Structures are given as C-alpha cells and as structure tokens.
A.B. asks: 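I have a structure here, written as structure tokens, and I will follow up with some questions on it.
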Amino acid sequence: MKFKDTFVFIAGCARNPKIKGAVCPSSKYLARAMISGIPNGKEGIILELGAGSGAVTNALVERGYSKNLISVEYDPKLAEYLSKKYPEVEVVNDSAENVKKILGDRASKLVAVVSSLPFLSLPPDMSKRIVSEVENAMPEGARFIQFTYNLMRKPEAIGFKHMKSLNTIKVFRNLPPARVDVLEKFA
C-alpha cells in the first residue's frame, strides 16, 4: 500500500469513524485472498462494496477485472480519489443499501460481490438492509466474498438466508489478521 493511499484511508476514517471499521487499509495479501473467491472464467459484473482507498480495487484491476468492475464507496472524498486513481473503473458514491438501484438491469450479470463493509461496526438495522438488498440483487450462483477481523465468527452470522459457505481463508499477513468468507447464492 502506497503512502498516499494510507493517508487517504486515515483521512476517511477521521471523517466517518463509525462506518470505517478499520484503522489501516487492507494488505495486498488480504486483497488477493478476497479476489481468489471470484469464479475463474466466468464473464460478468464484479461489484465491490466499501472500496475505501482502493486496496481491493487495485487487486481487482491487476487481475484484469476493471472493465466489469463497479466499486461502491460511501465516503465522497474516497470515491473521488478512486475515480481519479482508476478512471477505467465505474466508481459509485452511494450506500450499499442501494445495490439494486446501482446495478439496475445489470444485476442478472452479477458474478461476485467483493465486500469490505464493516458489518460488525455498522448499525444493525443498516447491516440488515444491506444484506437483504445484496441478497435480493444477486442471481443464483453468484458469490459473496466478505472479510472480517473476527476470526471466530461463522459466515452465517452475516445474516443471509439463501447463501451457502464455500470456503474460508485466514489471512495472518494483515493488520489485524483477518478471515475471508466465500459464500454462494442458492435458490
């Protein structure tokens, strides 16, 4: 992570401490673990939620997903920063509560949702709305990839009703250590 990215991330934390959920950007190891859950060879839209200063966005762009990537960031300054840094990516300054509106008719082409949302620190009613909105927008077979710093939390604790757990990856080369959960939507 570059110094400027870290500075931008910390400034975002200072503006919105309750919705950030982290004190430093995700490591490249966590970002790589997250994108490893995206199905190989499957064409479609990748939706990134909680893009922050772009640690996961960068990994997605390096992997070649920029033309199919929609990155959603709530903080307007971080969204503007990402738009300038990654002009080839569609960056949307909005809440993850509006996923269906953001995707529109592209929802049926959704392959994966890569989420860095801090569900443990968001207000519970907001988390429930986001989970419901995301799950309703996802087609069957799409994957939801989420990381957490709570290494003991079960993937089901997120609150989805039509998701099954496919994989869990622990990432110790991150501050703090994290776990990535890969879930898949079923009918």
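Since this is a predicted model, take the numbers as computed values, not measurements.
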A.B. asks: In plain terms, say whether Glu133 and Arg129 are close enough for a salt bridge, that is, a side-chain N and a carboxylate O under 4.0 Å apart.
C.D. replies: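 A salt bridge is absent here (no side-chain N lies under 4.0 Å from a carboxylate O).
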A.B. asks: Mind checking whether Val91 and Val72 have side chains closer than 4.5 Å, heavy atoms only?
C.D. replies: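 Val91 vs Val72: side chains apart.
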A.B. asks: Could you list the residues that satisfy side-chain contact (heavy atoms from CB on, under 4.5 Å) with Glu140, not counting sequence neighbours?
C.D. replies: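 Per chain and number, Glu140 pairs via side-chain contact (heavy atoms from CB on, under 4.5 Å) with Ala187.
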A.B. asks: Any idea which heavy atoms bring Ala51 and Leu82 closest together, and the distance?
C.D. replies: CB-CD1, 3.3 Å
A.B. asks: Are Leu120 and Val171 connected in the hydrophobic side-chain network, where two residues link if heavy atoms are under 4.5 Å apart?
C.D. replies: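 They do not share one cluster, since no chain of ILVMFWY contacts under 4.5 Å joins Leu120 to Val171.
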A.B. asks: Are the side chains of Ile46 and Val114 in contact, using a 4.5 Å heavy-atom criterion?
C.D. replies: yes
A.B. asks: Can you give me every donor-acceptor pair (side chain of residues 153-160, partner residue at least two apart or in another chain, under 3.5 Å) with its distance?
C.D. replies:
none

A.B. asks: With no hydrogens and no angle check, is any side-chain donor or acceptor of Asp181 less than 3.5 Å from a backbone partner on Thr168?
C.D. replies: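 No: the side chain of Asp181 does not pair with the backbone of Thr168.
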A.B. asks: Not counting sequence neighbours, which residues clear side-chain hydrogen bond (donor to acceptor under 3.5 Å, both in side chains) with Ser165? List them please.
C.D. replies: none
A.B. asks: Looking only at heavy atoms, which two atoms of Lys100 and Ala137 are closest? And how far apart?
C.D. replies: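 So the two residues come closest at CG-CB, 3.7 Å.
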A.B. asks: Any chance you could pull the hydrophobic cluster mates of Leu151, using side-chain heavy atoms under 4.5 angstrom and chaining through other members?
C.D. replies: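 Its cluster partners, ordered by chain and number, are Phe172.
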A.B. asks: Where do Asn93 and Asp75 come nearest, in terms of heavy atoms and distance?
C.D. replies: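 Scanning both residues, the minimum pair turns out to be ND2-C, 3.7 Å.
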A.B. asks: Which atom names give the shortest non-hydrogen contact between Ser116 and Met34, and what distance separates them?
C.D. replies: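 Of all heavy-atom pairs spanning Ser116 and Met34, the closest is OG-CE, 4.0 Å.
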A.B. asks: Residues two or more places apart in sequence or in another chain: which of them pass side-chain contact (heavy atoms from CB on, under 4.5 Å) with Ala142?
C.D. replies: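 Checked Ala142 against side-chain contact (heavy atoms from CB on, under 4.5 Å); matches are Met138, Pro139.
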A.B. asks: Just jot down the salt bridge (charged side-chain N to carboxylate O under 4.0 Å, His left out) partners of Asp105, sequence neighbours excluded, or say none.
C.D. replies: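 Here no residue qualifies.
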A.B. asks: So, the side chain of Arg179 versus the backbone of Phe147: is there a donor-acceptor pair under 3.5 Å, distance only?
C.D. replies: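 Absent.
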A.B. asks: Could you pull out all residues at least two apart from Glu184 that satisfy side-chain contact (heavy atoms from CB on, under 4.5 Å)?
C.D. replies: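 Arg143, Lys164, Leu166.
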A.B. asks: Hey, what do you get for CD (Glu80) to CG (Leu78), rounding to the nearest 0.5 Å?
C.D. replies: 10.0 Å
A.B. asks: Without swapping roles, check the side chain of Ser132 against the backbone of Lys128 for a donor-acceptor pair under 3.5 Å.
C.D. replies: no
A.B. asks: Ile145 vs Ser115, test: side chain to side chain contact (heavy atoms under 4.5 Å, CB included). Steps then yes/no.
C.D. replies: CA-CA 6 Å; Ile145 304 153; Ser115 171; over 6 Å; no
A.B. asks: List in chain and number order the residues that pass side-chain hydrogen bond (donor to acceptor under 3.5 Å, both in side chains) with Asn40, two or more places apart in sequence or in another chain; answer none if no residue qualifies.
C.D. replies: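 For Asn40, no residue satisfies side-chain hydrogen bond (donor to acceptor under 3.5 Å, both in side chains) once neighbours in sequence are set aside.
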A.B. asks: When rounded to the nearest 0.5 angstrom, what distance separates CD in Glu90 from CG in Leu47?
C.D. replies: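 Atom-to-atom, Glu90:CD and Leu47:CG are 9.5 Å apart.
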A.B. asks: Can you tell me how far apart CD (Glu97) and OG (Ser127) are? Round to the nearest 0.5 Å.
C.D. replies: 9.0 Å
A.B. asks: Between CZ of Phe144 and NZ of Lys185, what distance do you get to the nearest 0.5 Å?
C.D. replies: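 The NZ atom of Lys185 is 12.5 Å from CZ of Phe144, to the nearest 0.5 Å.
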A.B. asks: Could you work out, with side-chain contact (heavy atoms from CB on, under 4.5 Å) as the rule, every residue matching Glu62, not counting sequence neighbours?
C.D. replies: Asn58
A.B. asks: If I compare all heavy atoms of Ala55 with all of Ser26, which pair ends up nearest, and what's the gap?
C.D. replies: CB-O, 3.4 Å
A.B. asks: Roughly how far, to the nearest 0.5 Å, is CD of Gln146 from CZ of Phe119?
C.D. replies: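 Spacing of CZ (Phe119) from CD (Gln146) equals 5.0 Å.
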A.B. asks: Please list every donor-acceptor pair under 3.5 Å in which a side-chain atom of residues 63-71 meets a protein atom from a residue at least two apart or in another chain.
C.D. replies:
from  : atom 1 : to    : atom 2 : distance (Å)
Arg63 : NH1    : Ile35 : O      : 3.2
Asn68 : ND2    : Gly44 : O      : 3.4
Ser71 : OG     : Glu48 : OE1    : 2.6

A.B. asks: List in chain and number order the residues that pass side-chain hydrogen bond (donor to acceptor under 3.5 Å, both in side chains) with Lys101, two or more places apart in sequence or in another chain; answer none if no residue qualifies.
C.D. replies: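 With sequence neighbours excluded, Lys101 shows a side-chain hydrogen bond (donor to acceptor under 3.5 Å, both in side chains) to Asp94, given in chain and number order.
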A.B. asks: Got a second to check how far Arg32's CZ is from Ser27's OG, nearest 0.5 Å?
C.D. replies: 9.0 Å
A.B. asks: Check Asn174 against Ala178 and note the closest heavy-atom contact, atom names and distance.
C.D. replies: ND2-CB, 4.1 Å
A.B. asks: Would you say Ile45 and Leu103 make side-chain contact, with heavy atoms under 4.5 Å?
C.D. replies: yes
A.B. asks: Give the other cluster members for Phe186, using side-chain heavy-atom distances under 4.5 Å between Ile, Leu, Val, Met, Phe, Trp and Tyr residues; answer none if it is isolated.
C.D. replies: none
